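Below: the structure, in structure tokens.
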Amino acid sequence: MLRIAYVNGRYVEHADATVHIEDRGYQFADGVYEVCEVARGYIVDVKRHLDRLNRSLTELRIDWPLHRSALQIVMAEVVRRNRVRNGLVYLQVTRGVSPRDHFFPPAGTRSALVVTSKRTDPVAALARAEKGLAVITVPENRWERVDIKTTGLLPNVLARQQAREAGAYEAWFVDPDGTVKEGAATNAWIVTRDGVLVTRPAESGILRGITRTTLFEVATKLGLSIEERGFTVDEAKQAREAFITAATAVVLPIVTIDGQPVANGHPGSLALSLRHAFFDVAEKIPA
Ligand SMILES: Cc1ncc(COP(=O)(O)O)c(C=O)c1O
């Protein structure tokens with residue numbers, strides 16, 4: 001089946017979808033992005049994702065490429081044209097195309113927009129969740145503004161590759177004091193021996209994940225309490241459960257950290273319950 005991408009106002013064949021060599025995203029990683037889950041034909045939590053996009057654009061002084069409502073229509077259209085029922089929709093906005101220069105481009109330069117969508121296999125994803133995953137830990141080496149969802153992801157790319165080469169799925173960035181920040185592309189959580197969910201506050205040092213935000217509501221619905229505080233790698237290893245969240249993963253249990261088992265080394269039941277309840281609680285817009 002033909003894959004379709006949206007590039008700066010046009011729906012084009014994915015294989016022919018290109019941007020200019022002087023796109024600021026290509027030259028400087030001068031851009032931001034969002035990834036929404038598509039589940040059962042719905043785009044999940046799109047309002048929260050577009051709110052966060054607005055925040056990222058505002059922080060970096062990049063203009064919206066389209067009116068927000070038009071962008072939402074393009075996202076749905078890309079999902080539809082690719083016949084994605086379960087998968088992802090990705091959007092990227094850069095500061096546009098301009099002769100290479102660190103200064104911002106001249107006034108009037110239009111920001112650039114790319115939207116793509118791809119299928120994922122929900123059966124394989126569930127099997128992965130039920131098996132549980134390994135994480136490794138790596139020293140935090142990113143800039144301080146990781147609250148902005150920029151396309152500048154080189155430390156994340158290197159950390160994830162290191163994880164893969166160690167036979168793990170994700171890498172957790174850890175501060176010098178042993179506190180876990182977040183994964184290279186996911187937020188990090190533990191469940192204490194008393195059944196309390198713990199995740200680091202999102203005021204600084206991590207990306208405020210949309211899945212994380214919605215999971216607060218899911219947890220409340222399941223009668224679980226949440227503590228927003230830092231936790232160390234050692235605490236995570238001793239915890240009842242550990243798990244990660246992201247739009248690309250929903251909730252995935254972690255069963256080993258740096259090769260050592262979390263609790264009995266089996267996926268946690270609370271993590272799997274949260275994963276199960278997520279879709280019902282999240283906002284869903286038909287694509
Ligand atoms: C560094 C980082 N933290 C957390 C997340 C999870 O965010 P969300 O739940 O919005 O996908 C992501 C997602 O890409 C990420 O890149």
Side-chain angles (χ1 to χ4, degrees), residues 29 31-39 43-57 59 75 86-93 116-118 120 125 129 133 135-164 169-175 179-190 197-219 226 228 230-231 242-252 254 271 274-275 277-279 281-284:
V32 301
Y33 73 107
E34 281 295 330
V35 184
C36 295
E37 185 197 8
V38 180
I43 304 182
V44 176
D45 277 333
V46 68
K47 179 176 183 307
R48 285 188 170 145
H49 281 280
L50 293 182
D51 287 349
R52 186 174 63 187
L53 175 66
N54 185 51
R55 181 176 183 282
S56 299
L57 291 171
E59 290 293 319
M75 290 167 74
N86 294 288
L88 302 169
V89 54
Y90 174 89
L91 73 88
Q92 175 173 315
V93 182
T116 57
S117 183
K118 71 169 184 185
T120 54
L133 299 161
V135 297
I136 60 163
T137 60
V138 295
E140 174 66 284
N141 62 353
R142 300 172 301 163
W143 75 327
E144 283 182 5
R145 295 308 310 275
V146 292
D147 57 302
I148 305 171
K149 200 166 168 64
T150 80
T151 57
L153 289 171
L154 201 44
N156 310 56
V157 166
L158 296 175
R160 269 236 152 159
Q161 183 62 24
Q162 192 179 329
R164 173 173 281 181
Y169 175 82
E170 179 60 301
W172 279 356
F173 289 112
V174 175
D175 270 343
T179 316
V180 175
K181 300 284 270 302
E182 62 180 335
T186 58
N187 287 123
W189 301 68
I190 57 169
L197 306 184
V198 179
T199 195
R200 187 194 162 91
E203 273 60 47
S204 68
I206 64 166
L207 182 75
R208 190 185 290 276
I210 302 305
T211 317
R212 175 189 180 281
T213 300
T214 298
L215 207 71
F216 277 58
E217 292 168 8
V218 182
I226 297 182
E228 277 187 278
F231 60 86
F243 62 91
I244 55 176
T245 56
T248 53
V250 194
V251 178
L252 288 177
I254 297 302
L274 289 161
R275 178 186 179 86
F278 189 87
F279 179 78
V281 176
E283 180 215 29
K284 297 165 283 283

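For clarity, every value in this text was computed on a predicted model and none was experimentally measured. Both ligands and their constituent atoms are indexed starting at 1 by order of listing.
Of the listed options Leu207, Ile206, Ile210, Ile210 places a heavy atom closest to atom 10 (O) of ligand 1.
Separation of atoms OG1 (Thr186) and CZ (Arg160) is listed at 6.0 Å; rounding is to 0.5 Å. In this structure, CG in Leu197 is found 11.0 Å from CD in Glu228, a value given to the nearest 0.5 Å. Rounding to the nearest 0.5 Å places CZ of Arg212 at 15.0 Å from CD1 of Ile244. Rounding to the nearest 0.5 Å gives a distance of 11.0 Å between CG of Leu88 and CD1 of Ile43.
Residues Ile148 and Leu207 approach most closely at C-CD1, 4.3 Å, considering heavy atoms.
Of the options Arg52, Lys181, Arg55, a salt bridge (charged side-chain N to carboxylate O under 4.0 Å, His left out) to Asp147 is made by Arg55 and by none of the others.
Distances below 4.0 Å separate heavy atoms of Ala246 from the following atoms of ligand 1: 6 (C), 9 (O), 11 (O). Residue contact check: Asn187 has heavy atoms under 4.0 Å from atoms 4 (C), 6 (C) of ligand 1. Those atoms of ligand 1 that come under 4.0 Å of a heavy atom in Ala247, given as number and element, are 8 (P), 9 (O), 11 (O). Every atom of ligand 1 is numbered from 1 in the order shown, and the set under 4.0 Å from a heavy atom of Glu182 is 1 (C), 2 (C), 3 (N), 4 (C). Atoms of ligand 1 found under 4.0 Å from any heavy atom of Gly183, numbered from 1 in the order shown, are 1 (C). For ligand 1, the atoms sitting less than 4.0 Å from at least one non-hydrogen atom of Gly209 are 7 (O), 8 (P), 9 (O), 10 (O), numbered in the order shown with element in parentheses.
The backbone N or O of Trp172 lies less than 3.5 Å from no partner atom in the side chain of Glu170, so there is not a single donor-acceptor pair.
The closest approach between any non-hydrogen atom of Arg208 and ligand 1 is not below 4.0 Å. Ligand 1 is approached by Arg52 to a heavy-atom distance shorter than 4.0 Å.
With a heavy-atom cut-off of 4.0 Å, Leu153 does not touch ligand 1 at all. Heavy atoms of Tyr33 found under 4.0 angstrom from ligand 1 belong exclusively to the side chain.
Residue, atom and distance of the protein heavy atom nearest to atom 14 (O) of ligand 1 are Lys149 NZ, 2.7 Å. Of the protein's heavy atoms, Thr211 OG1, 2.6 Å lies nearest to atom 9 (O) of ligand 1. The protein heavy atom nearest to atom 5 (C) of ligand 1 is Ala185 O, 3.7 Å.
By the 4.0 Å N-to-carboxylate-O rule, Glu283 lies too far from Arg48 to be salt-bridged with it.
Using bins of under 30°, 30° to 60° and over 60° for the plane-to-plane angle, the ring pair Trp189/Phe243 lands in the parallel bin.
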